[in-house]
J.: 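Following this message is one structure expressed as structure tokens.
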Amino acid sequence: MPQKIFNTKNRKKEVFQPLQEGAVGMYVCGITAYDVCHVGHARAAVVFDVIFRHFKASGVNVTYVKNFTDIDDKIIDRANKEGVGIAEIAERYIKLHDEDMAALRVLTPSVTPRATRHMAEMIELISMLEEKGIAYAVDGDVFFSVKKFSAYGGLSGRNLDEMISGARVDINDKKHNPLDFVLWKKSKEGEPFWDSPWGQGRPGWHIECSAMSRRYLGDTFDIHGGGEDLIFPHHENEIAQSQAATGKPPARYWIHNGFVKINAEKMSKSLGNIFPIRDIIRQYHPEALRLFMIQSHYRSPVDYSDTSLKEARVALIRGYSALQLMKELMAKFDGQPAGGKLEPAGQAYADKLNDLKDKFNAALDDDFNTAQALGYVFEAARLINNVATAEKKMSATSKKKILEIAADTFDHFGNVLGVFQSDPDAFFREDRDIEVVKRGLDVARIEALISERKKAREEKDWNRADDIRKELALLHITLKDSAEQTSWSIE
RNA sequence: GGCGGCAUAGCCAAGUGGCUAAGGCAGCGGUCUGCAAAACCGUUAUUCUCCGGUUCAAAUCCGGAUGCCGCCUCCA
């Protein structure tokens, strides 16, 4: 099935034709390192991580570039407030970013360039624009003249006249046109600076991405991504700069992820509803946050709330329960001979699993439809449960073989979506640890009660046993009795 | 004001011209169980915000209405 991508540039789903067969170059705008990452960053990271993983799993040689903006007004502000250098601020938040990404099972991109290490490339690009008469320098600042680039507005679907009439008043009287944007900024007293043909200064935000994408992926590459808020002006300006300088459009496909809303409101500092990733994952297993993200299509807005994370957690538990069941059963069948022929009932399960795998891949080929793909994952989980618990008459050899196929299938699902990759026992342990801390539970007391109940059950004192269970239920603890032992989980 | 998006069950959420409208949560009935939990089986939208139109056929295309949201300013 050919890969399809919704291209923001043309506002429609298109068949993806890479520049070079079997290879993909993808650039995604990363963070500005001045604060901890929030749930919105998490979404963008997860969305493009799944795209990265899907290409890799499809055997494509993908070069994924995600930058760090490590020089910017906000970083300078923060550095000044704390009385430290900008490098220290950037370094700190990049490190925290990396920790958050690792927790979310986000793979490290192929290249993670930093703006401050690419000054030469930026200066080169600005010089090219200046030579062509598209950029103009005024008193140490350099601006891009939007009127000199006729395709300006092509990505965001605006035209210059509309924008000029609708533009807010810009007090910068150095600009020839209020829509012109800065390529190079003269540094103020005490600010960090780099030497350039226009004097000491620092780059504008937009030029960073143009320079770094060009450096690692060339003048034209396959995919450029980012949050939908970056369409205008950031990506519009990137296109203008790159295309005006090189004569070639920078990216062929533009992918933009939708926003995360908080309880149906826009997340913003003024509303005080910024949810940092590190705070969320103290409350919920990181995979629950990840699953929440991939439950929706990447272009739809998603609404983050306590309820939605709780639901994602329950769904996650459902998946891991199937994996745990599978693991237990596999252990039981350890001594069984491998290979052998599947009986017809077993063959039907195997066919169904292969079918689900095909559908899963097709869903991702169709504009990375993770929500649909996830539906097939849960269908596969049901099949596993079915084989494990319902198919009593099937031979152990057949069961073992199906479970092997199921394990491979789930391995593929997990690899692409970045969920269900942990050992199920480890997952349940981690999840329980988080819940215990969150609810302030006393594990020793819980286990003492469970021992007491065990004794009561042995003595067939069902009333006492049930009273203990009710007491634990008040703490949202659910007990599960098996032949060997009683395990507990937190609702 | 300009540009764009969304509206599918109690909730979350796929599906964009034709098979029974995925999947998860919650609910109900059953199997299992000392009773539960988990799991499994069955069930839960004759219908996709509303009104018109195109078509043999529409949740899906077109027009209109209503509601919600995003961008136009730093923003994932």
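Numbered from 1 within each chain, the chains take letters A, B, ... in sequence-line order. The analysis underlying the following values was restricted to heavy atoms, covering all of them including side chains, and did not include hydrogens, waters or symmetry mates.
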J.: Both distances below 3.5 Å, Watson-Crick or wobble geometry, any strand: find the nucleotide opposite B:C61.
T.: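 The base-pairing partner of B:C61, which may sit in any strand shown, is B:G53.
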
J.: Would you say a side-chain N or O of A:Asn369 is under 4.0 Å from OP1 or OP2 of B:G15?
T.: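 For B:G15, OP1 or OP2 has a side-chain N or O of A:Asn369 closer than 4.0 Å.
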
J.: Residues from residues 352-359 of chain A sitting under 4.0 Å of RNA chain B, heavy atoms only?
T.: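 Residues of residues 352-359 of chain A that come under 4.0 Å of RNA chain B do not exist, since none gets that close.
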
J.: For salt bridge (Lys or Arg N to Asp or Glu O under 4.0 Å), just list the numbers for A:Lys454 and A:Glu458, CA-CA rounded to whole Å, side-chain angles, deciding distance to a tenth of an Å, and then say yes or no.
T.: CA-CA 6 Å; A:Lys454 183 174 182 242; A:Glu458 279 161 3; 3.7 Å; yes

J.: For A:Gly40, report the nucleic acid contact type (base, sugar-phosphate, nothing); a contact means any heavy atom under 4.0 Å.
T.: base

J.: With a 4.0 Å cut-off on heavy atoms, is A:His38 in touch with a base, just the backbone sugar-phosphate, or nothing at all?
T.: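 The answer is base, as A:His38 lies within the cut-off (heavy atoms under 4.0 Å) of a base atom.
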
J.: Taking it one step at a time, do A:Glu435 and A:Arg432 satisfy salt bridge (Lys or Arg N to Asp or Glu O under 4.0 Å)?
T.: CA-CA 5 Å; A:Glu435 294 292 325; A:Arg432 196 163 83 179; over 6 Å; no

J.: Ignoring backbone atoms, test whether A:Arg313 places a side-chain nitrogen or oxygen under 4.0 Å from the OP1 or OP2 oxygen of B:C25.
T.: no

J.: Taking only the side-chain nitrogens and oxygens of A:Asn257, find out if one of them lies under 4.0 Å from OP1 or OP2 of B:A76.
T.: no

J.: At under 4.0 Å between heavy atoms, what does A:Val377 touch on the DNA or RNA strands: base, sugar-phosphate, or nothing?
T.: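 Since no nucleic acid heavy atom lies under 4.0 Å of A:Val377, the category is nothing.
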
J.: Just how far, in rounded Å, is C1' of B:G4 from NE2 of A:His235?
T.: 17 Å

J.: When all nucleic acid strands are considered with a 4.0 Å heavy-atom cut-off, which category describes A:Leu230: base, sugar-phosphate, or nothing?
T.: sugar-phosphate

J.: Tabulated below should be each protein N or O lying under 3.5 Å from an N or O of nucleotides 34-36 of chain B; please produce it.
T.:
from, atom 1, to, atom 2, distance (Å)
B:G34, O6, A:Arg457, NE, 3.1
B:G34, N1, A:Asp466, OD1, 3.2
B:G34, N2, A:Asp466, OD1, 3.3
B:G34, N2, A:Asp466, OD2, 2.7
B:C35, O2, A:Arg469, NH1, 3.2
B:C35, O2, A:Arg469, NH2, 2.2
B:C35, N3, A:Arg469, NH1, 3.0
B:C35, N4, A:Asp481, OD2, 3.3
B:A36, N6, A:Asp481, O, 3.3
B:A36, N1, A:Asp481, N, 2.9

J.: Is there a salt bridge (Lys or Arg N to Asp or Glu O under 4.0 Å) between A:Asp35 and A:Arg78 once you walk through the steps?
T.: CA-CA 9 Å; A:Asp35 207 345; A:Arg78 186 131 200 165; 3.7 Å; yes

J.: Would you check if A:Tyr27 and A:Cys209 make a side-chain contact, meaning some heavy-atom pair closer than 4.5 Å?
T.: yes

J.: Walk me through it: do A:Lys327 and A:Asp423 pass the test salt bridge (Lys or Arg N to Asp or Glu O under 4.0 Å)?
T.: CA-CA 9 Å; A:Lys327 185 183 163 190; A:Asp423 175 79; 2.9 Å; yes

J.: May A:Phe259 be described as stacking on the base of B:G70, applying a 5.5 Å centroid limit and a 30° limit on plane angle?
T.: no

J.: Is the closest side-chain heavy-atom distance between A:Trp462 and A:Arg457 below 4.5 Å?
T.: yes

J.: Who is the Watson-Crick or G-U wobble partner of B:A14, with both distances under 3.5 Å?
T.: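 Across any shown strand, B:A14 pairs with none.
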
J.: With a 4.0 Å limit, can you tell me whether A:Arg318 has a side-chain N or O closer than that to the phosphate oxygens OP1/OP2 of B:C40?
T.: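 Yes, such a contact exists.
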
J.: Students often get this wrong, so: under 4.0 angstrom with heavy atoms, is A:Ser296 touching a base, only sugar-phosphate, or nothing?
T.: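 A:Ser296: backbone/sugar contact only, no base atoms under 4.0 Å.
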
J.: Which part of the nucleic acid does A:Lys74 contact within heavy-atom distance under 4.0 Å: base, sugar-phosphate only, or nothing?
T.: sugar-phosphate

J.: Counting the atoms with a prime plus P, OP1 and OP2 as sugar-phosphate, which does A:Gln372 contact under 4.0 Å by heavy atoms, base, sugar-phosphate, or nothing?
T.: base

J.: Any base atoms under 4.0 Å from A:Ser268, or only sugar-phosphate, or nothing? Heavy atoms, all strands.
T.: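 Nothing, no nucleic acid heavy atom in range.
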
J.: Heavy atoms only, 4.0 Å cut-off, all strands: where does A:Phe378 land among base, sugar-phosphate and nothing?
T.: sugar-phosphate

J.: Please enumerate all protein N or O atoms sitting under 3.5 Å from an N or O of nucleotides 28-32 of chain B, with distances to 0.1 Å.
T.:
none

J.: Using atom P of each nucleotide, how far apart are B:G15 and B:U49 to the nearest Å?
T.: 15 Å

J.: Just how far, in rounded Å, is P of B:A39 from CG of A:Leu323?
T.: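 Computing the A:Leu323:CG to B:A39:P distance gives 13 Å.
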
J.: Tell which nucleotide pairs with B:C68, taking only Watson-Crick or G-U wobble pairs whose two distances are both under 3.5 angstrom.
T.: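 Check on B:C68: paired to B:G5, both distances under 3.5 Å.
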
J.: Would you kindly compare A:Thr478 and A:Glu311 by the position of their nearest RNA chain B nucleotide and give the one closer to the 5′ end?
T.: A:Glu311

J.: Both A:Lys261 and A:Thr307 contact RNA chain B. Which one's nearest nucleotide lies toward the 5' end?
T.: A:Thr307

J.: Looking at every strand, decide which applies to A:Ala315 at a 4.0 Å heavy-atom threshold: base, sugar-phosphate, or nothing.
T.: sugar-phosphate

J.: Counting only side-chain N and O atoms of A:Thr69, is one of them less than 4.0 Å from OP1 or OP2 of B:C75?
T.: no

